[in-house]
Amino acid sequence: MQITKEEVKQILEKVKACVHNDKFRISLNPNRIENQSFINDYRLTTKQQKRMILELDIYDFSKIDIDRKNKIQILYFFGREYELNHKDRGLENVETYIKFTLVERNTEEMILFISFHKANYPINYRFKKS
């Protein structure tokens with residue numbers, strides 16, 4: 001699937017509006033232990049998580065895809081390097097993998113962050129200049 005910079009900008013505007021209005025959730029279910037470990041290892045408060053999400057821009061965009069399980073759900077993939085304070089190692093730069101979808105609950109739009117953790121592989125950024 002292809003997406004333009006303008007479309008990514010519009011998605012990010014929705015994401016940021018949802019975050020400002022506390023209409024978002026980072027998945028912490030048993031299948032998403034990596035998210036919980038990341039949040040715990042870097043002692044990320046809700047305020048810090050929000051700040052990280054609000055810093056995303058179009059150059060952090062990687063790709064868009066259809067969810068393999070839910071064929072109508074669109075997934076957005078981003079990555080960004082943050083300076084984070086690890087509980088044991090101290091400050092370090094961490095490339096963070098962020099995957100989310102927009103969902104509608106009770107006629108309200110919200111963002112579900114499916115992945116929010118240290119990148120396991122290098123992220124290819126769609127719009128970044130080499």
Inset, instruction - Tell me whether Ile74 is reachable from Ile11 by hopping between hydrophobic residues (I, L, V, M, F, W, Y) whose side-chain heavy atoms are closer than 4.5 Å. - result: yes
Legend entry - Phe38-Ile53 co-clustered via ILVMFWY side chain contacts under 4.5 Å: yes
Inset, instruction - Determine the interplanar angle of the Tyr97 and Phe77 rings, folded into 0 to 90°, and report it as parallel if under 30°, tilted if 30 to 60°, perpendicular if over 60°. - result: tilted
Legend entry - Same cluster (ILVMFWY, side-chain, under 4.5 Å), Val19 and Ile26: yes
Inset, instruction - Check whether any side-chain N or O of Lys50 sits under 3.5 Å from a backbone N or O of Asp22 as a donor-acceptor pair, and report yes or no. - result: no
Legend entry - Test item: Ser27 and Leu112 side chains (from C-beta on) under 4.5 Å apart, heavy atoms: yes
Legend entry - side chain to side chain donor-acceptor pair (under 3.5 Å) partners of Asn35, counting only residues at least two apart: none
Legend entry - Side-chain ion pair, Glu92 and Arg89, N-O less than 4.0 Å: yes
Inset, instruction - Report yes or no: does Gln49 contribute a side-chain atom to a donor-acceptor pair with the main-chain N or O of Leu44 at less than 3.5 Å? - result: yes
Legend entry - Hydrophobic cluster membership, Met52 vs Ile111, 4.5 Å side-chain cutoff: yes
Inset, instruction - Classify the ring geometry between Phe100 and Tyr76 as parallel (under 30°), tilted (30 to 60°) or perpendicular (over 60°). - result: parallel
Legend entry - Audit row: Glu109, Lys14, salt bridge (charged side-chain N to carboxylate O under 4.0 Å, His left out) steps and yes/no: CA-CA 9 Å; Glu109 206 165 47; Lys14 284 184 182 185; 3.8 Å; yes
Inset, instruction - Given side chain to side chain contact (heavy atoms under 4.5 Å, CB included), test Asp60 with Lys128 step by step and report yes or no. - result: CA-CA 8 Å; Asp60 300 321; Lys128 274 193 181 167; 4.0 Å; yes
Inset, instruction - Would you list the pairs meeting salt bridge (Lys or Arg N to Asp or Glu O under 4.0 Å) in which at least one residue belongs to residues 25-36, sequence neighbours left out? - result: none
Inset, instruction - Please say whether more than 12 non-hydrogen atoms of neighbouring residues, nucleotides or ligands are located less than 6.0 Å from CG in Asn124. - result: no
Inset, instruction - Please assess Arg80 against Thr96 for the test side chain to side chain contact (heavy atoms under 4.5 Å, CB included), listing each intermediate value before the final yes or no. - result: CA-CA 5 Å; Arg80 187 176 181 97; Thr96 304; 5.6 Å; no
Legend entry - Leu102-Phe116 co-clustered via ILVMFWY side chain contacts under 4.5 Å: yes
Inset, instruction - Answer yes or no: is there an ion pair linking Asp41 with Lys118, defined by an N-O contact shorter than 4.0 Å? - result: no
Inset, instruction - Using a strict cut-off of less than 4.0 Å between a Lys/Arg side-chain nitrogen and an Asp/Glu carboxylate oxygen, indicate whether Lys23 and Glu108 qualify as a salt bridge. - result: yes
Legend entry - Non-hydrogen side-chain atoms of Ser62 and Phe78 separated by less than 4.5 Å: no
